[in-house]
Amino acid sequence: MHAVIVRTAVNNDGGGTSLVSPSQEGQENLLRRVYGGSGIPPERVLYVEAHGTGTRAGDPVEAGALGAVLGRAPGGRRRWASAR
């Protein structure tokens with residue numbers, strides 16, 4: 001696979017039940033900012049490699065945020081991969 005990294009971003013998506021617990025809203029906001037500022041519309045994304053921590057708290061939140069932002073974008077098929 002060949003790819004070009006167009007933009008990166010980091011945040012603390014904490015704010016769930018504690019400062020360090022993940023927040024789906026925080027992850028969705030980050031994804032929307034990154035795609036909004038990159039000039040690449042979410043519907044053009046064909047592949048995502050997720051962090052995949054293997055935790056009951058983090059993985060569902062990460063998958064939910066990706067689904068909310070990228071999965072609801074019109075058109076296109078997506079392939080999801082999780083690095084562990």
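Of all the heavy atoms in Q27 and E62, the pair that sits closest is OE1-CA, 3.1 Å. For G58 against P22, the heavy-atom pair with the smallest separation is CA-CG, 3.9 Å. In terms of heavy-atom proximity, S38 sits nearest to V6 at O-CG1, 3.9 Å. Listed here is the closest heavy atom pair of R7 and R33: NH1-O, 3.2 Å. Residues A65 and L31 approach most closely at O-CD1, 3.7 Å, considering heavy atoms.
For the atom pair R32 CZ and L70 CG, the distance stands at 9.5 Å (nearest 0.5 Å).
Of the possible polar contacts, one joining the Q24 side chain to the G64 backbone as a donor-acceptor pair under 3.5 Å is found.
With respect to L66, the side-chain contact (heavy atoms from CB on, under 4.5 Å) criterion is satisfied by exactly one of V45, V61, V48: V48.
By the neighbour-count criterion of 12 heavy atoms within 6.0 Å, atom CD of E28 is densely surrounded, having more than that number from other residues, nucleotides or ligands.
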